[in-house]
Structure formats: C-alpha cells, structure tokens
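One structure is given here, and the rest of the page talks about it.
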Amino acid sequence: LDNMVPNKDQQEAIRNFFVRYFVEVTDLFRFYSAVNSRGGTHTLEYIELCKFITETGILGEEHSNAILKIFLDSHIHNWNGKRAKPTIHSEISRHEFYVALIKIAILKNITLPKKAIAKLRKKGQTISAEKAVIPTVPSALEMIYHDYLYPVLTKMPAGSKMRDAVNSDE
C-alpha cells in the first residue's frame with residue numbers, strides 16, 4: 001500500500017473502506033473466483049479477474065493490457081522467501097484481489113481521466129474546473145464500489161442481504 005498510496009491518511013481511508021465493505025467485496029471475490037476453477041473460491045485466475053472487470057462494467061476489453069498488468073502487479077506472495085515471478089497462469093488470493101481493486105480504481109478514476117485531460121489540453125481545448133478535479137485514491141475506490149460493484153452486488157443471491165435474511169427472526 002505504501003508504494004501505491006504514500007499518504008498515510010489516504011491509506012487509513014482505504015483500510016476503512018475494506019473494513020466497511022469487507023463482506024461485500026469478499027463475496028465478489030468468492031463469486032468470481034469460482035467462475036473458472038471448478039468451484040474453488042480461494043484464488044482468482046486472470047480470466048476470472050477479466051470476467052469480474054468486464055461484467056461489472058468497470059473497464060472494457062480495450063483495456064486488456066492494463067488489466068493484465070494489474071493482475072501481474074497485484075501478486076505479493078513470497079514462496080520460500082523468494083518472490084516468484086507471476087505469469088498469466090498465476091492466481092491471486094483475496095488480499096491480492098484487494099490490491100488489484102485499488103489498482104483498478106486508480107486506473108479508472110485517476111489515470112484515465114488524467115490522460116483524457118492531457119489529450120484535450122494538447123489539442124488546445126480548455127478543461128472545465130469540474131472535469132479537472134481528480135479524486136484521491138480512497139475516493140476513486142469508493143466511486144468504483146458505488147458505480148460498479150454495488151449494482152452487481154444487489155443482483156447477487158449471496159452477500160450481506162442474504163446473511164441478514166438468515167440471521168433475522170423471520
């Protein structure tokens with residue numbers, strides 16, 4: 001987290017995000033990790049991450065190179081004290097999925113808008129003050145959740161709604 005978000009207050013805000021939405025984000029991880037692995041829900045393959053990103057509508061297939069880079073860069077495992085070089089055939093675990101989610105939020109809501117603004121400025125166009133505002137990483141993560149993940153979660157049979165129903169007195 002230190003490399004992606006050096007600001008300590010923003011790191012704390014990101015931690016709070018994952019505490020607040022732990023159940024929901026974990027349910028998404030489990031759901032998509034079962035897509036291609038014969039029902040296994042403890043790791044996520046590259047194809048499963050792609051399915052997650054495209055089905056939620058966060059990014060399209062035109063960003064496949066960026067998605068692959070996010071997948072590879074999200075590996076933080078150490079095997080036998082050595083960092084194994086991840087490949088497209090590697091898998092990420094839940095905590096690495098959280099890292100990928102942060103990287104996705106940065107790409108979608110910070111990097112791509114900055115590139116679009118730079119492209120417009122290069123063409124000599126003026127940018128409105130509203131468009132020129134780039135969110136912080138925690139805000140970008142919140143935006144991903146509310147704009148893309150929450151709508152998918154409301155349609156999923158599992159999640160906090162199901163847990164609430166099971167734990168109710170009804």
Side-chain angles (χ1 to χ4, degrees), residues 1-116 118 134-153 156 158-159:
L1 193 55
D2 288 340
N3 294 338
M4 289 185 293
V5 185
N7 182 296
K8 298 296 181 193
D9 291 335
Q10 288 187 26
Q11 288 179 10
E12 188 61 29
I14 290 169
R15 285 186 194 95
N16 290 337
F17 169 87
F18 284 112
V19 167
R20 193 168 54 254
Y21 298 115
F22 177 79
V23 171
E24 292 84 354
V25 174
T26 298
D27 284 342
L28 283 168
F29 172 79
R30 288 181 181 147
F31 179 81
Y32 282 97
S33 66
V35 167
N36 195 46
S37 55
R38 289 173 260 138
T41 60
H42 63 287
T43 59
L44 193 79
E45 299 170 9
Y46 170 69
I47 194 165
E48 295 165 334
L49 181 67
C50 288
K51 190 163 182 69
F52 162 73
I53 292 171
T54 56
E55 281 188 1
T56 55
I58 299 171
L59 296 169
E61 292 179 7
E62 69 275 11
H63 297 288
S64 60
N65 288 339
I67 295 169
L68 177 59
K69 181 166 178 28
I70 287 169
F71 177 77
L72 296 175
D73 290 347
S74 296
H75 285 78
I76 53 177
H77 264 61
N78 284 327
W79 291 273
N80 301 325
K82 298 177 185 174
R83 182 180 161 102
K85 185 172 175 118
T87 69
I88 196 169
H89 303 291
S90 303
E91 299 173 334
I92 58 174
S93 53
R94 185 176 56 197
H95 65 281
E96 293 166 324
F97 174 70
Y98 298 159
V99 170
L101 202 53
I102 295 166
K103 290 177 179 285
I104 291 164
I106 291 170
L107 175 65
K108 176 70 176 183
N109 293 318
I110 298 173
T111 306
L112 292 177
K114 279 183 178 179
K115 285 182 177 181
I134 301 295
T136 63
V137 177
S139 296
L141 192 55
E142 289 278 351
M143 291 165 67
I144 290 292
Y145 180 81
H146 293 292
D147 296 346
Y148 301 98
L149 305 184
Y150 182 75
V152 171
L153 283 162
M156 289 177 66

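Small disclaimer: the values here were computed from a predicted structure and weren't measured.
One finds the CD1 atom of I53 at 9.0 Å from the CG atom of L101 (value rounded to the nearest 0.5 Å). The CG atom of L59 lies 6.5 Å from the CG atom of L112; values are rounded to the nearest 0.5 Å.
Sorted by first and then second residue, the salt bridge (Lys or Arg N to Asp or Glu O under 4.0 Å) pairs with a member in residues 3-23 read D2-K8, E12-R15, R20-E142; sequence neighbours excluded.
The shortest heavy-atom contact between P151 and Y145 is CD-O, 4.2 Å.
Not counting sequence neighbours, the partners of K69 by the side chain to side chain contact (heavy atoms under 4.5 Å, CB included) test are D73. Every side chain to side chain contact (heavy atoms under 4.5 Å, CB included) that F22 has, sequence neighbours left out, goes to T26, R94, Y98.
Residues E61 and S64 bring no donor and acceptor atom of their side chains to less than 3.5 Å of each other.
One N or O on the side chain of H75 and one on the backbone of E91 form a donor-acceptor pair closer than 3.5 Å.
Each of V35, I58, L44, V152 was scored for a side chain to side chain contact (heavy atoms under 4.5 Å, CB included) with F52, with one residue passing: I58.
Side-chain contact between T43 and S33 is absent, with no heavy atoms from C-beta onward closer than 4.5 Å. Residues K103 and V99 form a side-chain contact, since some pair of their non-hydrogen atoms from C-beta on lies under 4.5 Å apart. Y21 places none of its side-chain heavy atoms less than 4.5 Å from the side chain of L149. Contact of the T111 side chain with the K115 side chain is registered, since non-hydrogen atoms from C-beta on lie closer than 4.5 Å. Taking 4.5 Å as the limit, every side-chain heavy atom of V137 sits out of range of all side-chain heavy atoms of F17.
Aromatic ring centres of F97 and Y32 lie farther apart than the 6.0 Å criterion allows.
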